[in-house]
Structure formats: structure tokens, C-alpha cells
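First comes the structure, then the notes that go with it.
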Amino acid sequence: MTTRATQPAIEGGVPVRDEFLPFARPSIGRTDIERVVETLKSGWLTVGPRTREFEQMVASYVGVEKAAAVHSCTAGLHLSMVALGVGKGDEVVLPALNFAAAPNMVLHRRATPVLVDIDPDTLNVTPEILEAAITEKTKLLLPLHFAGRPCDMEGILDLARSRGLKVLGDGAHAIGARYPTGNVGALADATSFSFYVTKGITTGEGGIVTSPDRDFIGRVRRLSLHGMSSGAWKRYSDKGPWYYEILEPGFKYNMNDMQAALGLCQMERVDVFRDDRVSIAEAYSRELAQVDGVVVPPPVTEGLHAWHLYPIQIETDALSIDRNRFILALLEEGIGVSVHFIPIHYHPFYRDYYGAGMGALPVTERYFDRSISLPIYPSMTEDDARDVVTAVAKLLRHYRR
Ligand SMILES: *Cc1c(COP(=O)(O)O)cnc(C)c1O
């Protein structure tokens, strides 16, 4: 995955990196490969023993009894909203600084996504922000643990309980995160995690729903496989093992055993991967503290940040170029970077959907104009992190006006 920087970053200069540093890269070792091959050789490829084992492993890691493995975090968000009873006319409150998965799934429930702003320091929603958006139509709060930083779950759950609302966590970034009182996946009514290739662990594509309520997980599992009765043959043994019943119209969102085999192997290293990310984040924060014109994410004082992302903000007011040109210049320095996220209400579909009714979300919008996500993943070295900081500092100096 290495390419050479094609041109010097700053005219007449030499790029910081000769070998391009990718923005993200999964950690796939020999054992990961062997486990998937074993599953292929076993002859059982679809949902089966490996998937059940994987669910059990994630459930005990999170601190719940049961979990439902699905094809993606998006699928998990969709099924959770079905099982939480979100439907036509309901409002779901969620941050605009988001990936499209959650608001898209809200719309597929014929419900209304209500976009809110974020706290400028944590970049997460707060109980106060959520509360201000609650109406008599509100059914669900859908906080995102942005970048892997746990939201104020105590405050959010207190708010939800006092208003009779449900809480669904978007845990796409947060598998390795810890809230002081436990894993975020054990606290909300439901949490959907992602095992997409860039996330804390990967199954290629994949996700899982966790909940403290085991019956809820049973329902999500059933919905993930057509709404089919599981173990029906036991209850209707006079009819034989071929028998099943459709108990409600479900989906085809199950995880398969090839994904789960990879997931099992990855889960063995989930804390190691998280700690590697923490080290890179600490190196960034240490080095960037010496650099003028950049805002770094504050550390987590209680609990653990999973550091799926390391988003900085550059003080564009002091520069002769904007964030987009800054990113192009970083790429020319041999540094892969990205932006998380384009605010939901900026996308053409949602711009039309909200129309003139969409108020300003000043923190989200200002953040978007200034933010850059730096590379952060387990196989990165501290030298790589130092190169990133060198490049950021070089461009800030060069383009200062
Ligand atoms: C990655 C991501 C998702 C979707 O995860 P999938 O497993 O690809 O469906 C959802 N929400 C956020 C915030 C994400 O970053």
C-alpha cells in the first residue's frame, strides 16, 4: 500500500515522507489468515459455530450476556431501531457530525432524524444538547461515541429515563473504549459496533449489537435472519429438523463464519490494538503541544478512549490556505489523512430533505472547516507519528500569513 509522493510538497522542497504513510491499515497476521482458511476447510461457511463463539466472546468483553453478530454496524443500527420500536412519525436525535449510516437507517424506519450540534471539546453530544432537541415525538436518542471517546452515558441515560426514551449507541468507533462504569455496549438499551476494515478490530465487513437485555438480543438475532424461529425443530419435533417458522418479516443481515473466524482472532488482540492506538495518540498530543496553530483532542480523564480517529483542527484564520488545500499539501508530503465527517446536512439528499428548516449547527460546521484526521492504527510506529507532526508543523509554518 505504499506509493511515492509524486511531487515536492512545497515548491523546491523535499517531502517529509519518501514512502507514503497510509491513513488506515488493518492488522492481519498469519493466524488471522489460518483461522479463516480452517473455517473454509470445515465446510461450514455461513452463520454457525464460529459466529456463536464470536458473539459470546464480544458479549463477555463488553460485559453483557448475549450479543447478535450482523453483517455491518449499519445493519445493527437498523435492526436495533426495529426492535426498539422506532417507526413512522418518531423522531430520533443524533449528531450531525456523523457518518450517513445512522440517519439513513432512521429514514428507512420512516422516522425523522433530528440533527444536533456537539460539544466543542469532546466532539460528542451532551445530555444538555440532546435535551434541547426533545419533543413529544422523540422516541430515541442515538449518540455517537465520536472517534472512540465515550459519551456522558450517565447523563444521557438519566435524561432518557426521565423522558421515557430509548438510547441506541453508535459504537462504530468504540469497541476498545471504556466508560468509567463499564463498556459503552453494556450501558445503553442497545449499541451497534462496527468491524469494518478501518475500525478497532475487523471482520472485513461486520458488526455486532450488544444490550443488557438478552430478550432484545434474541429479537435482533431473529430479525437478522428473515424473522425465522430459531430452534423451531426442538419445539415442533414431530415435524422434523427441516421445519421453521417466520415469526415476523426479518432481514438478511447475519454475519457468516468466515467473518467470525477472523473476528475471533482479532478479538484476542482488541486491547493490544487499542493500547497501540493510545500510544500513537499520546505521541501526537506530546509532539503537537510544541506546534502553534493546531488544536488537539483533549485526553480522556476517566475511562478509556479507543482512538479510532485522531482529529486535529488547524487554525485556518492564521493561514493563507484553507483546510482542503492543507490536506492536499499533506498528501504531497507523503501523509495519508482524511476528514470525519462531512456534516450530514451538507450532503445533497439531506440538504433537500431539511431545506430551509435546518438551523445552523455552529460547532459542527466550524469543526468541519478546520478538521483533519491524522493516521492512527496499530502497525504505525512513533517515528511515523513524528513524521506526521513534522509535516503538519512544516505546512503551518510555510502557509502562515
Ligand atoms: C464506520 C461507521 C459506521 C458504519 O459501519 P459499517 O460496519 O460499515 O456499517 C456507522 N457509523 C459510524 C460513525 C462509522 O464510522
Side-chain angles (χ1 to χ4, degrees), residues 23-26 51 54-55 58 67-82 92-109 113 115-116 118 122-125 140-151 167-177 184-185 188 190-210 220 224 251-256 259-260 262-263 266-267 270 277 297 305-311 338-347 350 364 367-368 371 373 375-377:
F23 171 67
R25 175 184 264 168
T51 305
F54 180 60
E55 287 174 333
V58 176
V70 286
H71 188 75
S72 66
C73 172
T74 307
L77 292 168
H78 193 187
L79 295 182
S80 296
M81 281 192 264
V82 175
V92 176
V93 184
L94 73 175
L97 188 72
N98 215 327
F99 185 58
N104 284 353
M105 293 306 108
V106 172
L107 288 173
H108 283 305
R109 292 305 304 148
L115 303 179
V116 294
I118 42 171
T122 65
L123 309 174
N124 275 335
V125 292
L140 180 72
L141 306 177
L142 208 169
L144 164 64
H145 306 287
F146 183 80
R149 179 189 301 274
C151 290
V167 179
L168 168 60
D170 186 336
H173 304 170
I175 185 66
V184 292
T191 303
S192 188
F193 293 99
S194 176
F195 307 131
Y196 182 68
V197 65
T198 57
K199 305 283 161 87
I201 66 156
T202 188
T203 59
E205 299 276 1
I208 205 162
V209 178
T210 62
V220 169
S224 77
F251 301 81
K252 187 63 168 66
Y253 276 166
N254 61 284
M255 180 175 274
N256 68 51
Q259 293 169 300
L262 178 55
Q266 292 265 308
M267 268 308 283
V270 61
R277 287 172 179 273
H305 195 310
W307 292 112
H308 164 59
L309 302 172
Y310 190 94
S338 192
V339 174
H340 297 84
F341 294 96
I342 301 165
I344 294 301
H345 58 297
Y346 282 15
H347 292 290
Y350 285 97
T364 299
Y367 167 79
F368 172 67
S371 76
S373 300
I376 186 163
Y377 43 95

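For ligands, and for the atoms within them, numbers begin at 1 and follow the listed sequence.
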Taking all heavy atoms of F195 and all of T202, pick out the closest pair and write down the distance.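 Smallest heavy-atom distance, with atoms named: O-OG1, 2.9 Å.
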For the residue pair I201 and M267, establish whether any side-chain heavy-atom pair is separated by less than 4.5 Å.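 I201 vs M267: side chains touch.
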Identify, with sequence neighbours excluded, every residue that meets side chain to side chain donor-acceptor pair (under 3.5 Å) alongside H78.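 In terms of side chain to side chain donor-acceptor pair (under 3.5 Å), with neighbours along the sequence ignored, H78 is linked to Y253.
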Considering residues at least two apart in sequence or located in another chain, which fulfil the side chain to side chain donor-acceptor pair (under 3.5 Å) criterion with T51?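 For T51, the residues satisfying side chain to side chain donor-acceptor pair (under 3.5 Å) (neighbours in sequence not counted) are D257.
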Applying the side-chain contact (heavy atoms from CB on, under 4.5 Å) test to F146, which of I118, N124, T122 qualifies?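 Among I118, N124, T122, the one that satisfies the side-chain contact (heavy atoms from CB on, under 4.5 Å) with F146 is N124.
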Side-chain donor-acceptor pairs of residues 95-108 under 3.5 Å, sequence neighbours excluded:
{"residue": "N98", "atom": "ND2", "partner": "P95", "partner atom": "O", "Å": "3.0"}
{"residue": "N104", "atom": "OD1", "partner": "Y350", "partner atom": "OH", "Å": "2.6"}
{"residue": "N104", "atom": "ND2", "partner": "A100", "partner atom": "O", "Å": "3.4"}

Between the protein and ligand 1, are there any N or O atom pairs that come within less than 3.5 Å of each other, and if so, what are their names and distances?
{"residue": "ligand 1", "atom": "5 (O)", "partner": "S194", "partner atom": "OG", "Å": "3.2"}
{"residue": "ligand 1", "atom": "7 (O)", "partner": "C73", "partner atom": "N", "Å": "2.9"}
{"residue": "ligand 1", "atom": "7 (O)", "partner": "S194", "partner atom": "OG", "Å": "2.7"}
{"residue": "ligand 1", "atom": "9 (O)", "partner": "C73", "partner atom": "N", "Å": "3.3"}
{"residue": "ligand 1", "atom": "9 (O)", "partner": "T74", "partner atom": "N", "Å": "2.9"}
{"residue": "ligand 1", "atom": "9 (O)", "partner": "T74", "partner atom": "OG1", "Å": "2.5"}
{"residue": "ligand 1", "atom": "11 (N)", "partner": "D170", "partner atom": "OD2", "Å": "3.0"}
{"residue": "ligand 1", "atom": "15 (O)", "partner": "H173", "partner atom": "NE2", "Å": "2.7"}
{"residue": "ligand 1", "atom": "15 (O)", "partner": "K199", "partner atom": "NZ", "Å": "3.0"}

